[in-house]
Amino acid sequence: MINAKTLNEEEFFYGHKACAGCGGSLAVRIALKVLGEKAVAVLPAGCMSAVGFNYPQLCFSNNAIISTFAGTASMMTGVLAGLKARGINDAVVVGFAGDGGTADIGLQALSGAIDRNDDVLYICYDNEAYMNTGIQKSSLTPFGAGTTTTPAGKNVRGNLRQKKNLFEIVAAHGIPYAATASVGYIQDFINKVEKASKIRGTKFIHVIAPCPTGWGVKVDETVEVAKEIVDTGLLYLAEYENGKFKLTHNPEMFTDVGHYIRRQARFRHLTDGDIDLIVEGRNRKWEKILYEWK
């Protein structure tokens, strides 16, 4: 098993132009250290392609290519076919796409890849908005969050929609392996990337990767906030495999949702009543999980 002591010391994603404290760059860096030099990365328009492909610098030391915004998974299919045509069978084709490029624009291509059961690994780094283009709402933006397209003020309450449950949508396809993760629980993420790399067929990992700029937290709080979202129960760490769901982390007691919410500028307009609604939604979800997944 790969851990902090045995993790590859070679860097495959470095020298990039990501903002200080970027959770997405941490997710990409760690995943590539697990997958190694034979990984072939596909990235659509988004934060990681914007900061990683800056002429004349390429911040990936392994093979990497930019795809169309909507076509991450379909280009992964093409890369896989090209590798097979050249007789290369020991490479891992991995996609890194944000929440907008996955849950919105790229969902059709991802669904198609799962339907074909292409032998690829798709990793969604979820910073809960279209951060690269100015912090616009995506379908993975949580309830109440203020963005440039869901502004918050005296008469507007930020995003009024609930966050889409992408993990369970993907699992509903009957995918060989899917998981949720957080850069706040990095060993859990490492375990899931390593496990996924050894499974044949389509694999999907949805990893929470805070954006200090869009979330309104300090740049040295990324990992702490990513851990807190799990500890509050607002994100559950889980796997779907062989048709079954299971938790990989089950907090004995949830920490204070109010503290998690109030430390972020995007939620500063929320009232105690709004936070109570968020807690109620969390409790309903966990009741369902503990009843159906036992």
Side-chain angles (χ1 to χ4, degrees), residues 12-13 16-19 22-25 27-29 31-32 35 38-86 88 91-141 147-149 164 166-167 169-170 173 175 178 193 196 201-207 209 211 214:
F12 301 97
F13 182 57
H16 54 74
K17 305 300 190 295
C19 302
C22 173
S25 62
V28 173
R29 177 185 176 227
L32 288 178
L35 298 173
K38 291 187 177 180
V40 180
V42 178
L43 302 95
C47 290
M48 292 304 99
S49 59
V51 305
F53 294 86
N54 287 289
Y55 182 81
Q57 295 171 299
L58 175 64
C59 298
F60 295 87
S61 63
N62 55 356
N63 288 305
I65 187 171
I66 297 178
S67 78
T68 58
F69 209 161
T72 308
S74 57
M75 183 170 282
M76 292 166 69
T77 299
V79 170
L80 180 66
L83 290 170
K84 287 183 177 179
R86 296 189 60 193
I88 300 173
V92 177
V93 179
V94 57
F96 296 104
D99 46 290
T102 302
D104 300 340
I105 295 173
L107 187 59
Q108 181 183 19
L110 174 58
S111 180
I114 299 171
D115 183 59
R116 294 186 298 272
N117 199 29
D118 294 326
D119 189 16
V120 296
L121 170 58
Y122 191 113
I123 297 177
C124 170
Y125 60 92
D126 180 9
N127 48 35
E128 299 192 321
Y130 289 86
M131 299 302 180
N132 179 54
T133 52
I135 316 176
Q136 296 90 0
K137 175 194 177 300
S138 79
S139 62
L140 295 187
T141 299
T147 72
T148 54
T149 52
K164 183 187 292 184
L166 184 60
F167 168 60
I169 290 171
V170 168
H173 288 68
I175 193 171
V193 173
T202 311
K203 291 82 59 177
F204 174 83
I205 299 176
H206 182 179
V207 55
C211 169

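- Shortest non-hydrogen contact noted between A103 and L166 is CB-CD2, 4.1 Å.
- The main-chain N or O of G201 is never found under 3.5 Å from a side-chain atom of N117 such that the two would form a donor-acceptor pair.
- Separating the NZ atom in K203 from the CG atom in D118 is a distance of 9.5 Å, to the nearest 0.5 Å.
- Taking every heavy atom of both residues into account, F13 and G52 meet most closely at CE1-CA, 4.2 Å.
- Atoms CG and CZ, from L43 and F69 in turn, are 12.0 Å apart once rounded to the nearest 0.5 Å.
- Counted within 6.0 Å of NZ on K84, heavy atoms from surrounding residues, nucleotides or ligands total 12 or fewer; the atom is thus considered open.
- C22 is listed as a side-chain neighbour of M48, based on a closest heavy-atom distance under 4.5 Å.
- Closest non-hydrogen pair, I175 versus A178, comes out as CG2-CB, 3.9 Å.
- Without hydrogens or angle criteria, D126 side chain to D99 main chain gives no donor-acceptor distance under 3.5 Å.
- The closest side-chain donor-acceptor pair between D115 and H173, if any, does not fall under 3.5 angstrom.
- Residues satisfying the side-chain hydrogen bond (donor to acceptor under 3.5 Å, both in side chains) test with Y122, not counting sequence neighbours, are T102.
- With contacts defined as side-chain heavy-atom distances shorter than 4.5 Å, the pair L32/N62 qualifies.
- The SG atom of C47 sits 15.0 Å away from atom NZ of K17, with the distance rounded to the nearest 0.5 Å.
- No donor-acceptor pair closer than 3.5 Å links the side chain of S49 to the backbone N or O of I66.
- When atom types are taken as modelled, the side chain of Q136 and the backbone of T133 share a donor-acceptor pair closer than 3.5 angstrom.
- When every heavy atom of A109 is checked against every heavy atom of A70, the shortest pair comes out as CB-O, 3.5 Å.
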T202/D119 under side chain to side chain contact (heavy atoms under 4.5 Å, CB included): CA gap, chis, key distance, verdict | CA-CA 5 Å; T202 311; D119 189 16; over 6 Å; no

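- Between the CD1 atom of I105 and the OG1 atom of T68 there is a distance of 10.0 Å, given to the nearest 0.5 Å.
- Taking K137 as the reference, nothing meets the side-chain hydrogen bond (donor to acceptor under 3.5 Å, both in side chains) condition, with sequence neighbours excluded.
- Summarising the geometry of T141 relative to A129, their closest heavy-atom pair is OG1-CA, 3.8 Å, with the distance given to 0.1 Å.
- In this structure, the separation between CG on L121 and CZ on F96 is 7.0 Å, given to the nearest 0.5 Å.
- When every heavy atom of A73 is checked against every heavy atom of R116, the shortest pair comes out as O-NH2, 4.5 Å.
- Rounding to the nearest 0.5 Å places CG of L110 at 6.0 Å from CZ of F204.
- Annotation: F60 is in aromatic contact with F53 [ring centroid separation under 6.0 Å].
- Between V170 and H206 there is no side-chain heavy-atom pair separated by less than 4.5 Å.
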List the steps, then state whether side chain to side chain contact (heavy atoms under 4.5 Å, CB included) holds for V120 with T77.
-> CA-CA 8 Å; V120 296; T77 299; 5.8 Å; no

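- Looking at K38 and L83, their side chains never come closer than 4.5 Å, going by heavy atoms from C-beta outward.
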Practice problem: Start with the C-alpha distance between F167 and I169, add both sets of side-chain angles, then the distance that settles side chain to side chain contact (heavy atoms under 4.5 Å, CB included), and finish with yes or no. | Solution: CA-CA 5 Å; F167 168 60; I169 290 171; over 6 Å; no

| task | Check the pair V94, V40 against side chain to side chain contact (heavy atoms under 4.5 Å, CB included), reporting the backbone distance first and the verdict last. | result | CA-CA 6 Å; V94 57; V40 180; over 6 Å; no

